[in-house]
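Numbering of ligands and ligand atoms starts at 1, following listing order.
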Amino acid sequence: MGYRFALIGYPIKHSLSPWIHEEFLRKANLQGSYQINEIPLEGNFKEEILKLKEQQVDGFNVTVPYKQKIIPFLDKIDESVEKVGAVNTVAYEKGKWVGYNTDGMGYVRSLESKFSDSLLNKEQRILLLGAGGAARGIFHGLIDNGFRYIDFANRTMDKALSIRNSTAKPIHSNIMTLEEVEKHIHSYDMIIQTTSVGMNPNSEQSIINLENIRAGSIISDIVYQPIKTKFLKLGENYGGRIHFGHTMLLYQAQLAFEIWTGKKVKADTMDEKLQQILEGR
Ligand code: ATR
């Protein structure tokens with residue numbers, strides 16, 4: 001029968017996770033399947049989770065809007081969940097349901113897959129745009145990897161402050177408004193857009209102007225619909241090295257698959273294919 005994995009969330013009918021994990025299974029020479037369990041907002045969440053547990057799946061992914069709601073249904077949470085307060089991966093381990101968050105580390109892996117040399121410099125200055133759940137995960141992924149200079153620009157300053165205060169590590173971090181940061185944009189080596197601004201159908205929007213970025217800086221967007229967002233187009237026009245959002249999807253899945261099966265499969269060759277699938281939509 002092989003491994004059995006699932007995804008819960010809403011809406012998830014068009015999720016790319018089944019494709020990604022079935023590719024991983026094939027690459028790892030393992031038998032298995034990955035099913036979609038859409039739970040409507042008005043559905044009985046508790047009942048759905050009990051059903052999933054009864055089916056004895058080996059693990060499941062959790063996406064919006066259930067990343068926090070799942071926590072009380074787990075027996076144990078990993079350190080990655082304590083930091084971020086949200087779960088995206090659940091594994092059945094020795095009779096216990098264990099929650100993990102692979103988003104932040106997956107994001108860092110996606111960066112490493114493309115910019116391995118420039119990521120060796122932990123002194124580089126990083127800017128996070130936005131301060132929601134995605135920013136929180138990426139922030140912890142970055143500091144766990146040794147980065148120490150991470151500023152925030154966000155519409156609501158308090159939310160950025162709450163993320164900054166969620167670590168006890170000695171880091172350097174300034175918080176600014178989105179207007180203010182445009183004046184200092186040349187001082188960053190890496191700029192990471194973590195909000196949904198620019199996502200279809202608002203593909204003409206960019207959260208800030210990138211006119212004064214430093215040539216060669218890394219310009220990264222977690223939005224992947226469209227693949228090349230307005231933010232990335234601006235970054236490219238002004239001499240930045242761009243990093244696509246769909247790669248985060250790939251590497252957070254790689255890490256989840258590793259937790260479930262103990263096998264690390266290469267994901268870099270899937271990047272282009274995933275891009276084609278998304279472009280064909
Ligand atoms: P997620 O958990 O997926 O990251 P979220 O919690 O809704 O999503 O967070 C989205 C982030 O995008 C927030 O920081 C939000 O800004 P606020 O903190 O001020 O709410 C930011 N965001 C969303 N839409 C925005 C917009 N149109 N302009 C600026 N920031 C926006």
Participant: Look at the side-chain heavy atoms of Ile, Leu, Val, Met, Phe, Trp and Tyr, link any pair under 4.5 Å apart, and say whether Leu50 and Ile39 land in one connected group.
Facilitator: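 Not linked; separate clusters.
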Participant: Sequence neighbours left out, what passes ring-ring contact (aromatic ring centres under 6.0 Å, His included) with Phe244? Give chain and number order.
Facilitator: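 Here the qualifying residues are His246.
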Participant: Listed by chain and number, what are the ring-ring contact (aromatic ring centres under 6.0 Å, His included) partners of Phe147, not counting sequence neighbours?
Facilitator: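 Listed in chain order: nothing, the list is empty.
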Participant: Taking only heavy atoms of the protein into account, state which residues are under 4.0 angstrom from an atom of ligand 1, in chain and number order.
Facilitator: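 Heavy-atom contacts below 4.0 Å: Gly130, Ala131, Gly132, Gly133, Ala134, Asn154, Arg155, Thr156, Lys159, Leu178, Thr195, Val197, Ile207.
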Participant: Regarding Ser217 and Asp189, do their side chains bring together a donor and an acceptor under 3.5 Å, going by distance alone?
Facilitator: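 No, Asp189 and Ser217 have no side-chain donor paired with an acceptor closer than 3.5 Å.
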Participant: Quick one: which residue pairs count as a ring-ring contact (aromatic ring centres under 6.0 Å, His included) with a foot in residues 173-193, not counting sequence neighbours?
Facilitator: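 Every pair satisfying ring-ring contact (aromatic ring centres under 6.0 Å, His included) with a residue in residues 173-193: there are none.
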Participant: Do the rings of Trp260 and Phe5 sit parallel, tilted or perpendicular, given the 30° and 60° boundaries?
Facilitator: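 Parallel, since the angle between the ring planes stays under 30°.
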